Amino acid sequence: MADVRFDGKVAIITGAGGGLGRSHAMLLASRGASVVVNDLGGAIDGTGSDSAAAVKVCKEIEAKGGKAAPDFNSVSTMDGAMGLIETAKKAFGKVDILVNNAGILRDVSLLKMKEADWDAVIAVHLKGTFNCTKAAFPLMKEQGYGRIVNTTSSAGLFGNFGQCNYAAAKMGIVGFTNSIKHEGAKYNIKVNVIAPFGGTRLTATVLPPPMLEAMKPEVVSPMVAYMCAEECELTGNIVVAGAAYFGRVAMREGKGCAFDSSKPVSIEMIRENLAKITDMTDNREFDSVNEEGMDRIFSNIKT
Ligand SMILES: NC(=O)c1ccc[n+]([C@@H]2O[C@H](COP(=O)([O-])OP(=O)(O)OC[C@H]3O[C@@H](n4cnc5c(N)ncnc54)[C@H](O)[C@@H]3O)[C@@H](O)[C@H]2O)c1
């Protein structure tokens, strides 16, 4: 089988001035993609800006014979996202691939969290993913082709103390993807989600050096790159990737407990059937709210 290549494809990677984004950009460029390296170049908490990070990664790509263009827009505003798309159009004429990766952290418990900590994190992760996808989508629709990878986190999928802003943004990105996968389907736009574990500046202060070394961003990027590939048929998938482990995560619903819908339901009926209601044996996945509603809710209606 031939290697996976991206010749002739144009990829935007947000937050690609360092960490995971840089690694995704380097890999896609090494396989022939023209890459727009977007990065605001601020601190971990989102303050400040600097063009140096994006420029440096572009130089690294070009030194290896690849094609790259820097972009310094913030993904957190629609103007910034539109500017990013303009950079791609000016440099390479189109957009085939979008990896929404840019991120910041403002970790603090709910009791101590300031409104500004909530707003800043939601703005970069959730609104940033919306902004860039909204800006790129018309181009992808027009050309009948697109690959989008959004970035979530196990902190959102499974929870973590002190990260309610980040966890909410990251689960918001999953909900966003669940909807967009349907909207992109008829235009051959596939949208998937990566939940990475990477030794980057975001994790450098909380993980010991041997773990950081094993969790190199370079072992996450092949999964992201596959999700960006023309041959990728996956859509709406979430894959956890880190330290050379890859595994799908999915939202599933238990078999549940269906009472007679023509009769009243009491609190005591809930109490008596709690084990059944919360049992996850024979759980299943649904592709949409319609599928779930038909299978579980509407089918239980007695008229
Ligand atoms: N490192 C991990 O273990 C881990 C785990 C789960 C999820 N993630 C997610 O992976 C993504 C990359 O994280 P990382 O660990 O490589 O961190 P990182 O800090 O090295 O990279 C994030 C990049 O995004 C850029 N950025 C921040 N705000 C921006 C904005 N408004 N516009 C454009 N660029 C902006 C930063 O300048 C930075 O270069 C993030 O979305 C993060 O939440 C990382």
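Computation of the quantities below employed the complete heavy-atom set of this structure, encompassing side-chain atoms and omitting hydrogens, waters and symmetry-equivalent molecules. Just so you know, ligand 1 is whichever comes first in the structure, and atom 1 is the first atom listed for that ligand. Since the model is a prediction, treat every value here as computed from it, not as a measurement.
The proximity of L40 to ligand 1, defined as any non-hydrogen pair under 4.0 Å, involves the side chain as well as the backbone. Within the 4.0 Å heavy-atom criterion, both parts of L20, backbone and side chain, lie near ligand 1. By the criterion of a heavy-atom distance under 4.0 Å, both the backbone and the side chain of V75 are placed next to ligand 1. By the criterion of a heavy-atom distance under 4.0 Å, the backbone of N73, and not its side chain, is placed next to ligand 1. Only the side chain of N38 comes within 4.0 Å of ligand 1, counting heavy atoms alone; its backbone N, CA, C and O stay farther away. Contacts between K170 and ligand 1 below 4.0 angstrom, taking non-hydrogen atoms only, involve the side chain exclusively.
Protein heavy atom in closest approach to atom 8 (N) of ligand 1: Y166 OH, 3.5 Å. With hydrogens left out, the protein atom closest to atom 37 (O) of ligand 1 is D39 OD1, 2.5 Å, a heavy atom. Counting protein heavy atoms only, atom 41 (O) of ligand 1 is closest to N101 O, 2.8 Å. Counting protein heavy atoms only, atom 9 (C) of ligand 1 is closest to T151 CG2, 3.6 Å. Annotation: atom 14 (P) of ligand 1 to nearest protein heavy atom, T200 OG1, 3.5 Å. Looking at atom 17 (O) of ligand 1, its nearest protein heavy atom turns out to be L202 CG, 3.1 Å. The protein atom (non-hydrogen) at minimum distance from atom 19 (O) of ligand 1 is R201 NE, 2.8 Å. Among protein heavy atoms, the minimum distance from atom 27 (C) of ligand 1 is reached at G103 O, 3.4 Å.
A donor-acceptor pair under 3.5 Å is formed between the side chain of N165 and the backbone N or O of D117. Side chain of N38 to backbone of L84: no donor-acceptor contact under 3.5 angstrom is found. Between the side chain of H125 and the main chain of V121, no donor-acceptor pair closer than 3.5 Å is present. Remark: the backbone N or O of G175 is not paired with any side-chain donor or acceptor of S179 at under 3.5 angstrom. Between the side chain of S76 and the backbone N or O of G128, no donor-acceptor pair lies under 3.5 Å. Between the S154 side chain and the L157 main chain, no donor and acceptor come within less than 3.5 Å of each other. For the pair R22 (side chain) and A54 (backbone), a donor-acceptor distance under 3.5 Å is absent. A distance-only check finds no donor-acceptor pair linking the side chain of T177 to the backbone of G236 [under 3.5 Å].
Atom numbering of ligand 1 starts at 1 in the shown order; those under 4.0 Å from a heavy atom of F197 are 3 (O). Interface of T203 with ligand 1, defined as ligand atoms under 4.0 Å from a residue heavy atom, comprises 1 (N), 2 (C), 3 (O). Numbered from 1 in the order shown, with element, the atoms of ligand 1 that lie under 4.0 Å from a heavy atom of I104 read 27 (C), 28 (N). Close approach of ligand 1 to G41 is summarised as follows: ligand atoms under 4.0 Å from at least one heavy atom of the residue are 37 (O).
N150 and T129 share no donor-acceptor pair across their side chains, judged by distance under 3.5 Å alone. Looking at D45 and T47, their side chains do bring a donor and an acceptor atom within 3.5 Å of each other. Side-chain polar atoms of N290 and S288 form no donor-acceptor pair below 3.5 angstrom.
Between H125 and ligand 1 there is a heavy-atom distance shorter than 4.0 Å. Assignment of P196 to the shell around ligand 1 is supported, since a heavy atom sits closer than 4.0 Å. Under the 4.0 angstrom criterion for non-hydrogen atoms, R22 is not in contact with ligand 1. Ligand 1 does not have N100 within reach: every non-hydrogen atom of the residue lies 4.0 Å or more from it. Residue contacts with ligand 1: T14 is excluded, as none of its non-hydrogen atoms falls under 4.0 Å. Distances shorter than 4.0 angstrom do not occur between any heavy atom of A53 and any atom of ligand 1.
For the salt bridge (Lys or Arg N to Asp or Glu O under 4.0 Å) test, residues two or more places apart in sequence or in another chain that qualify with D295 are R284.
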- What do the steps show when you test M227 against R147 for side chain to side chain contact (heavy atoms under 4.5 Å, CB included), and what is the final call? CA-CA 7 Å; M227 288 169 164; R147 296 287 180 269; over 6 Å; no

- Task: For I61 and M26, run side chain to side chain contact (heavy atoms under 4.5 Å, CB included): C-alpha distance rounded to whole Å, both residues' side-chain angles, the deciding distance at 0.1 Å, then the answer.
- Result: CA-CA 6 Å; I61 289 172; M26 299 289 293; 3.6 Å; yes

- Evaluation steps, side chain to side chain contact (heavy atoms under 4.5 Å, CB included), between M82 and K134: CA-CA 9 Å; M82 296 303 285; K134 164 95 180 145; over 6 Å; no

- Worked verdict on N160 versus Y166 for side chain to side chain contact (heavy atoms under 4.5 Å, CB included): CA-CA 9 Å; N160 198 20; Y166 182 70; over 6 Å; no

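Some N or O of G198 is nearer than 3.5 Å to an N or O of ligand 1, by distance alone. At under 3.5 Å, a nitrogen or oxygen of S74, whether backbone or side chain, sits near a nitrogen or oxygen of ligand 1.
Taking all heavy atoms of G48, A54, G19, G128 into account, the minimum distance to atom 20 (O) of ligand 1 is reached by G19.
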